[in-house]
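Single-structure report; data block below.
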Amino acid sequence: MKNILVTGAAGFIGSAFARYMVAQYPHYKIVIYDKLTYAGNLDNLLPISDEANYHFERGDIADRAAVQRVMQTHDIDTVVNFAAESHVDRSILAPDAFIHTDVVGTYILLDEALKHGVERFLQVSTDEVYGDIDEGLSLEDDTFAPNSPYSASKAGAEHMVRAYHVTHGLNTVVTRGSNTYGPYQYPEKLLPLFITEAMDDKPLPLYGDGMQVRDWLYVEDHVTGIDVALHKGEAGQAYNVAGENQQHNIDVVRQMLALLGKPDSLIKHVPDREGHDRRYAMNCDKLRSLGWQRQFTFETGLEATVRWYQQNEWWWRKIKSGEYLEYYKQQYEARLAAAEE
Ligand code: NAD
Ligand code: TDX
């Protein structure tokens, strides 16, 4: 591994991975390739933008000619694919971009990686491919049952990764992360949306009864999980990256409000997300057996996250304008009007 193409690394988890890799492996060349959609933000990469082993190229993973060019220019031997449309609610409102990037884009990246002789291809996937889990923990060999256009597109991408391994012998690894939170997360996801809205004393639109269960994973632990799978994972295998911290949404929100010193009365129960999965939970013994260990508890991770948003208003205030406000209105205006106390 010498020259690593990290796609989608102007986003939340990809930028954390890039910041970590640039510092951890000064002898690797880290080439970021990102379309800079609404979720891509060069501010996320400012801490490493002057480092000698960091390079940035703007482009779409579904643009074959551009992908070819970047692989050749930088003599890429390793690909880590974070690039995706990542928000479930947006996939319900407008699924086209999810098919374009998550499905077609992943296919083009795989195809060009194969042609270019890439030695390792890591696909960043999600616990949502397993679908709603009533009880127990999802294991890597469980069947897929994706329920949203987002998770269906991520499952489609994974099937293509598998096919390129089995059919063409491409050296692939997949990681399936659980709900990730931390600094630099775009304020459309539950925690950054609710932290920043609560700081302004705005109502917090909690879907349904708020009793859905998610497994919360701090972003820096997700990043080290991907690093371990990249370096030690067996070709053709998938690895769950879990927080082993399953909580009801309403409890997560209450803990966040306590850290901010804001009242629970900001919570408004609004009409539910369509097709809303009730519970995700994974077993991550397989990745642990490769030597991965989390460093953050939910208490330390949540506190670090809340303080970061308090201290970095420069980062998120400018995001909350233009397209963001249009999306917010479309997603929440009618829901908040129909809110129950
Ligand atoms: P994000 O939305 O913050 O960032 C996505 C990035 O991909 C952005 O920088 C965007 O500009 C870029 N991008 C989008 N379309 C592109 C295209 N066609 N070509 C090139 N770049 C493109 O997402 P995130 O939350 O950081 O998630 C990163 C990856 O991790 C995704 O693959 C997602 O499915 C997966 N994942 C996320 C979570 C989570 O909780 N956020 C959990 C598990 C897995
Ligand atoms: O306004 C909201 N109100 C609310 O009740 C939002 C945005 C979310 N929620 C609920 C829905 C979920 O049960 O909070 C929970 C978390 O929601 P999101 O932050 O939208 O995440 P989720 O839908 O669980 O998906 C996330 O985890 C898996 C990421 O967005 C995906 O990219 C990842 O694959």
Side-chain angles (χ1 to χ4, degrees), residues 6-18 32-42 44-45 57-63 66-67 80-92 97-98 100-102 104-106 108-109 123-129 146-148 150-151 153-154 157-158 175-182 184-194 197 204-217 219 222-223 225-226 240-243 247-250 252-253 267-270 272-273 276-280 282 328 331-332 335-336:
V6 189
T7 67
F12 165 49
I13 309 172
S15 69
F17 181 76
I32 285 152
Y33 183 75
D34 197 294
K35 187 178 179 180
L36 297 180
T37 66
Y38 78 91
N41 184 349
L42 288 175
N44 302 358
L45 296 164
E57 303 273 359
R58 185 171 189 178
D60 186 336
I61 59 166
D63 179 344
V67 168
V80 181
N81 182 27
F82 287 92
E85 287 294 328
S86 69
H87 194 40
V88 173
D89 290 323
R90 288 186 192 251
S91 83
I92 297 167
F98 290 75
H100 172 83
T101 294
D102 304 15
V104 179
T106 301
I108 289 189
L109 212 50
Q123 172 71 5
V124 179
S125 191
T126 168
D127 59 0
E128 301 201 13
V129 296
N147 291 318
S148 71
Y150 163 69
S151 51
S153 68
K154 293 296 289 185
E158 272 210 50
T175 56
R176 298 188 188 127
S178 63
N179 272 65
T180 306
Y181 68 100
Y184 299 100
Q185 187 171 29
Y186 191 87
E188 65 188 353
K189 306 283 172 21
L190 178 74
L191 269 171
L193 174 67
F194 279 25
E197 293 289 283
L204 308 180
L206 190 67
Y207 296 148
D209 60 6
M211 292 300 282
Q212 303 82 2
V213 173
R214 294 293 183 269
D215 175 9
W216 295 92
L217 172 66
V219 64
H222 193 161
V223 158
I226 293 170
N240 291 341
V241 190
Q247 304 220 30
H248 294 114
N249 289 341
I250 195 160
V252 168
V253 175
I267 298 173
K268 303 294 169 205
H269 288 273
V270 301
D272 210 347
R273 172 186 279 175
H276 197 173
D277 285 336
R278 207 61 193 165
R279 177 173 178 271
Y280 303 131
M282 294 189 294
Y328 187 90
Q331 182 63 24
Y332 295 110
R335 277 196 159 87
L336 279 166

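This is a predicted model, so every value here is computed, not measured. In this chain, numbering begins with 1 at the start of the sequence shown. What's counted below: heavy atoms across the whole structure, side chains too, no hydrogens, waters or symmetry copies. First listed ligand is number 1; within each ligand, the first listed atom is number 1.
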Could an N or O of ligand 1 be found under 3.5 Å from any N or O of Asp34, whether backbone or side chain?
yes
Give a yes/no verdict on whether any heavy atom in Ala16 is under 4.0 Å from an atom of ligand 1.
no
What's the shortest distance from atom 4 (O) of ligand 1 to any protein heavy atom, and which residue and atom give it?
Gly11 CA, 3.4 Å
Location of contacts on Arg176 toward ligand 1, heavy atoms closer than 4.0 Å:
neither
How close do Ala10 and Leu45 get, heavy atom to heavy atom, and via which atoms?
CA-CD1, 4.0 Å
Polar contact flag for Glu188 and ligand 1 (N/O pairs, less than 3.5 Å)
no
SB check Asp102 Lys154 (cutoff 4.0 Å):
no
Of Ile13, Asp60, Thr37, the residue with the heavy atom nearest atom 17 (C) of ligand 1 is Asp60
Just distances here: any N/O of Ile61 and N/O of ligand 1 closer than 3.5 Å?
yes
So is there a nitrogen or oxygen of Tyr33 less than 3.5 Å from a nitrogen or oxygen in ligand 1?
no
Min N/O separation Ser86 to ligand 1 under 3.5 Å:
yes
Hey, is Ala9 one of the residues with a heavy atom under 4.0 angstrom from ligand 1?
no
Any idea which atoms of ligand 1 are less than 4.0 Å away from a heavy-atom of Asn179?
40 (O)
Nearest heavy atoms of Leu217 and Ala242, plus distance in Å
CD1-O, 3.7 Å
Under-4.0 Å heavy-atom contact with ligand 1, by part of Ser125 that carries it:
backbone
Asn249: what forms a side chain to side chain donor-acceptor pair (under 3.5 Å) with it, not counting sequence neighbours?
Gln212
Not counting sequence neighbours, which residues clear side-chain contact (heavy atoms from CB on, under 4.5 Å) with Arg58? List them please.
Leu36, Phe56
Ligand 1 N/O within reach of Asn41 N/O, cut-off under 3.5 Å
no
Is there a polar contact, in the sense of an N or O pair closer than 3.5 Å, between Tyr150 and ligand 1?
yes
List the steps and the verdict of side-chain hydrogen bond (donor to acceptor under 3.5 Å, both in side chains) for Ser178 and Asp127.
CA-CA 5 Å; Ser178 63; Asp127 59 0; 4.8 Å; no
To the nearest 0.5 Å, atom CG of Asp34 lies from atom CG of Asn41 at 10.0 Å
Show me, by chain and number, every protein residue that has a heavy-atom distance under 4.0 Å to ligand 2.
Ser86, His87, Val88, Asp89, Thr126, Glu128, Tyr150, Asn179, Glu188, Lys189, Leu190, Leu193, Phe194, Pro205, Leu206, Tyr207, Gln212, Arg214, Asn249, Arg273, His276, Tyr332
side-chain contact (heavy atoms from CB on, under 4.5 Å) assessment of Leu336 paired with Val270:
CA-CA 6 Å; Leu336 279 166; Val270 301; 4.0 Å; yes
Give the contacting part of Asn81 toward ligand 1: side chain, backbone, both or neither, where contact means a heavy-atom distance below 4.0 Å.
neither
Shortest non-hydrogen contact between Tyr207 and Gln331, atoms and distance
OH-NE2, 2.9 Å
Pairs of nitrogen or oxygen atoms closer than 3.5 Å, one from Phe12 and one from ligand 1: do any exist?
yes
Mind checking whether Ser15 has a heavy atom under 4.0 Å from ligand 1?
no
Counting only nitrogen or oxygen atoms and a 3.5 angstrom limit, does Thr180 reach ligand 1?
yes
Within a strict 4.5 Å, meaning less than it, do heavy atoms of the Ile250 and His269 side chains meet?
yes
Quick one: list whatever passes ring-ring contact (aromatic ring centres under 6.0 Å, His included) with Phe82, sequence neighbours left out.
Phe17
In ligand 1, which numbered atoms sit nearer than 4.0 Å to a non-hydrogen atom of Ala83?
7 (O), 20 (C), 21 (N), 22 (C)
Donor-acceptor contact below 3.5 Å, side chain Glu188 vs main chain Ala39
no
Atom 32 (O) of ligand 1 has as its nearest protein heavy atom Lys154 NZ, 2.7 Å
Atoms of ligand 1 less than 4.0 Å from Phe82 heavy atoms?
28 (C), 29 (C), 31 (C), 32 (O)
Given the ring of Tyr38, does Arg90 sit roughly above its face, with NZ or CZ under 6.0 Å from the centre of the six-membered ring and within 45° of the axis?
yes
